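All remarks here apply to the structure that follows.
Below, chain A is the first sequence line, B the second, and so on; all start at residue 1. Owing to the predicted nature of the structure, the values given are computational and were not obtained by experimental measurement.
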Amino acid sequence: MIPLSWFLILAAALFSIGLYGVLARRNAVAILMGIELMLNAVNLNLVAFWRYVAPGSIAGQAFAVMVFAVAASEAAVGLALILSIYRQRSTVAAEEINLLKW
Amino acid sequence: MTPLQIVFLFVAAFTLLSALLVVTRPNLVHASLWLIAALAGVAVLFVLLEAGFLAAVQVVIYIGAIAILIIFAVMLTRRVMSDSGPQVNRNWWGAALSALLIFGGLLGLFSQVPAVGSAFPAAIANADGLLEDLGRSLVDVNRYVLPFEVASVLLLAAMIGAIVIARPAAREEGEE
Amino acid sequence: MSDPFGQIGQFFLNLLTGLGVEAGLASFLLKVAGAAALATGCLFSTFFLIWAERKLLARLQDRLGPNRTGPFGMLQTIADFAKLVTKELIFPSGVDRPVFLLAPLLVVMSVVGIWAVVPFAPRFIASDVNVGVLYVVSVGSIGTLGIMLAGWSSNNKYALLGAFRTVAQLVSYEVPMVLVMLVPVMLSGSMGMVAIVEQQRSMWFVVLAPIAFILFYITSLAENGRAPFDLMEAESEIATGYNVEYSGLMFGMFFVAEFLHAFTIGALATTLFLGGWLGPGVDRYPLLGLVYFLGKSAVIWWSIIWVRMSLPRIRIDQMLALNWKFLTPLALGVVVVTAVADKVGPAGTLGRTVVQLVGNGVVLAFTLLALRAYAARLRNRPTLATPPAASTSLGAPAQ
């Protein structure tokens, strides 16, 4: 059967790939895609631990449902912000949105 | 190699490959399509973990709503129909290094978890009642009703905030 | 003959294991073959559905419909598809080929995938997941994705505009549809399709929740893109919208998906509200369940065609206003009233029916009052003919 370590390695890899996407991409929407990958990795981790360590208590799945809600609201607000910035400045490259920089 | 392991390896490879393509494709619409593939892979993994409800919720929320939002944002924030300029910034090597470091750190952390070597535990005691238990736990005063209510307020705030932020600039006649 | 389909499955399994295939692999192969047979059967049934729809549309318009190819024109659909298959697949310059090809596949996938959880007869369901209703919602939302990709990849501004409007319509109407699908889930206590059908043995849910049924019907019509919500494929509006650059079999796939979706709506409405395969004598002869199910779905499908031929198309802003200002609050009200009535009311069938009908009546009364107030406001608002200073009491222009 599938050991827990396989799921954890997969979740860690997804998280790292998402992190690379957030740190290395210029386009703000691409950064948001990396964030969604990281949130998915977290969810996978939660559900894997729920299944292997404590399947009797439903806390793992409830926590994952909360993460879904947070991810959805964060994606909505983030994309609204990106659209608004695009209207004002005609760019979505993260390094050009630097009004508050030193 | 049991069939279940083969299925898992196949789905895991597909998910990782899609995730890699998401963060490297310069064409953003292709990147969002690969994101949808990665999200679908995670949904299949939820099914393998016997969390069928979460798999369906993953497809509905992520693929059916968030991915469509992302594609909309990609389409609305480009001046021409093709991409322009490099898609990675100057510090991409630093990003790759930190991603590798985090991966190594997480693996080291996981190796210290006592349950990490365990194979599949016995079947869940009340597999048919899982869904009902989840529902009850979200409204049970002694369990998770507070996070549930806070999450609903969060969703309301996010919805109102997104509508207000993304609105076009107000017109002068003071319409509504 | 108590379990005909189980016996057929067992026969094939014994055949395969007799040939030397090990049991696990044999059952896996049978499952794959069953899924393929179901999908192929759905797609083949569209041949009949399209012909029947064209005949019905014609009769409603006082003409004959296809009657040349084959007896009563029954081979017309086959002729149409032969034409579509042999047409050249045109890729306009600048289209994004993989996305262009993927879009019709996603749309067809989203419709055929729904049939995996539809219960045809007792013990005749492809896969009884215990989250059947949520699965239907999730698979349906993949079609929206396909349409947007179709519009974007066509490299055509009209297609993109059409795709945006279509996606706005589809995503908006998903909200009341999902809310209303909660009503049979609440009344039956489970999200599984078989459980929902079984719980309707005492009383069909259409009697317990008539407003929910009507709302489901309307929102499913909008999800399908059928008249009066057929702005998605309006030939006279913006050059047929998202599928303007598609030709040949790719266009055929959009066509098939739309016509199959109408019958799928019938199947879903039957399962959720009209008692699925329930009917007299179905426990002794399970195949009667298939007959009842197909009959009820056909009635809903026929009514969809009737509505299509009778009502004019509504504009995109009217459609969105209808959804957000009328259908969504109404769906929320129905869900709340059903939940309260279910918890507070008595448990017996007759008592439950009476309490639910009273609840629905209350919702209906409030809706009618709200509509009356809205209509009065519309009548009294100042128009061009009656400037605000000189308006008469009813706002009607003087002759």
Side-chain angles (χ1 to χ4, degrees), chain A residues 1-10 12-21 23-27 29-30 32-34 36-37 40 43-44 47-48 50-53 55-56 58 61-62 64-66 68-77 79-84 86 90 92 94-95, chain B residues 2 4-5 8 12 16 19-20 22-23 28 31-32 35 38-39 42 45-46 49-51 54 57 61 65-66 69-70 73-74 76-77 87-89 92 95-96 98-99 102-103 106-107 110 115-121 124-125 133-134 137-138 144 147 151 154-155 158-159 161-162 165-166:
Chain A
M1 300 309 226
I2 309 172
L4 175 61
S5 51
W6 289 16
F7 279 106
L8 297 183
I9 296 175
L10 174 62
L14 261 182
F15 189 83
S16 317
I17 294 175
L19 185 65
Y20 171 75
L23 293 176
R25 298 275 262 174
R26 277 181 82 218
N27 193 311
V29 182
L32 209 80
M33 288 198 251
E36 295 303 324
L37 277 178
N40 266 284
N43 253 343
L44 193 56
V47 178
W50 164 77
R51 178 69 184 90
Y52 281 80
V53 176
I58 203 71
Q61 286 206 17
V65 169
M66 295 302 147
F68 276 128
V70 167
S73 35
E74 159 257 330
V77 174
L79 288 166
L81 279 172
I82 291 176
L83 278 177
S84 176
Y86 181 74
S90 288
V92 279
E95 57 205 22
Chain B
T2 70
L4 207 58
Q5 290 184 339
F8 172 82
L16 279 179
L20 273 171
V22 170
V23 297
L28 274 184
S32 34
L35 179 68
L39 297 172
V42 173
L45 287 167
F46 281 151
L49 282 169
E50 299 186 35
L54 288 183
V57 168
I61 291 185
I66 293 183
L69 259 186
I70 289 181
V74 165
L76 288 174
T77 57
Q87 282 299 320
V88 284
N89 58 27
W92 66 269
S98 36
I102 295 269
F103 182 56
L106 281 172
L107 284 187
F110 286 148
V116 76
S118 61
F120 235 69
I124 303 176
D133 193 24
L134 178 63
S137 74
L138 286 175
Y144 309 118
L154 171 70
L155 284 168
M159 189 162 67
I165 293 174

request  = Considering non-hydrogen atoms only, spot the tightest contact between B:Tyr144 and A:Ile58 and give its length.
outcome  = CE1-CG2, 4.3 Å
inquiry  = So for A:Leu8, is it side chain, backbone, both, or neither that comes closer than 4.5 Å to the heavy atoms of chain B?
reply    = both
note = With chain A, the option among B:Ile102, B:Leu134, B:Leu39, B:Leu20 that has the most non-hydrogen atom pairs under 4.5 Å is B:Leu134
query = Is the shortest heavy-atom distance from the side chain of A:Val70 to the side chain of B:Leu154 under 4.5 Å?
reply = yes
inquiry  = Please rank A:Val47, A:Leu14, A:Val65 by heavy-atom pairs under 4.5 Å with chain B and give me the top one.
reply    = A:Val47
note = Scanning both residues in full, the closest heavy-atom pair of B:Ala162 with A:Ala76 reads CB-O, 4.0 Å
ask   = In terms of heavy-atom pairs under 4.5 Å with chain A, which of B:Ala73, B:Ala19, B:Ala51 leads?
value = B:Ala19
request  = Supply the atom-to-atom distance B:Leu107 CG to A:Ser16 OG, rounded to the nearest 0.5 angstrom.
outcome  = 8.0 Å
Within-4.5 Å side-chain heavy-atom neighbours: B:Ile70 and A:Glu36 = yes
key: Heavy-atom check, side chain of A:Ile9 versus side chain of B:Phe103, under 4.5 Å   = yes
request  = Identify which part of B:Ala38 has an atom lying under 4.5 Å from any heavy atom of chain A, answering side chain, backbone, both or neither.
outcome  = side chain
message = Can you confirm whether B:Phe110 sits close enough to A:Leu4 that some side-chain heavy atom of one is under 4.5 Å from a side-chain heavy atom of the other?
response = no
note = From the list B:Leu76, B:Leu106, B:Leu45, B:Ile165, the residue making the most non-hydrogen contacts under 4.5 Å with chain A is B:Ile165
message = Please report the interatomic distance CG(B:Leu155) to CZ(A:Phe68), rounded to the nearest 0.5 Å.
response = 13.0 Å
query = Taking the side chain as C-beta and beyond, is there a heavy-atom pair between A:Met33 and B:Val23 under 4.5 Å?
reply = no
inquiry  = Quick check: do A:Ile17 and B:Leu16 have side-chain heavy atoms less than 4.5 Å from each other?
reply    = yes
Value rounded to 0.5 Å, distance of OH in A:Tyr52 from CG in B:Leu49 = 6.5 Å
request  = With a 4.5 Å cut-off on heavy-atom pairs, point out which of A:Asn40, A:Leu37, A:Ile82, A:Leu23 contacts chain B the most.
outcome  = A:Asn40
request  = Answer with side chain, backbone, both or neither: which region of B:Leu138 has an atom nearer than 4.5 Å to a non-hydrogen atom of chain A?
outcome  = side chain
task = Please determine, among B:Val42, B:Val74, B:Ile61, the option with the most heavy-atom pairs under 4.5 Å with chain A.
result = B:Val42
key: B:Trp92 side chain near A:Tyr20 side chain, heavy-atom distance below 4.5 Å   = yes
query = Would a line drawn from the ring center of B:Phe8 to the ring center of A:Phe7 be shorter than 6.0 Å?
reply = yes
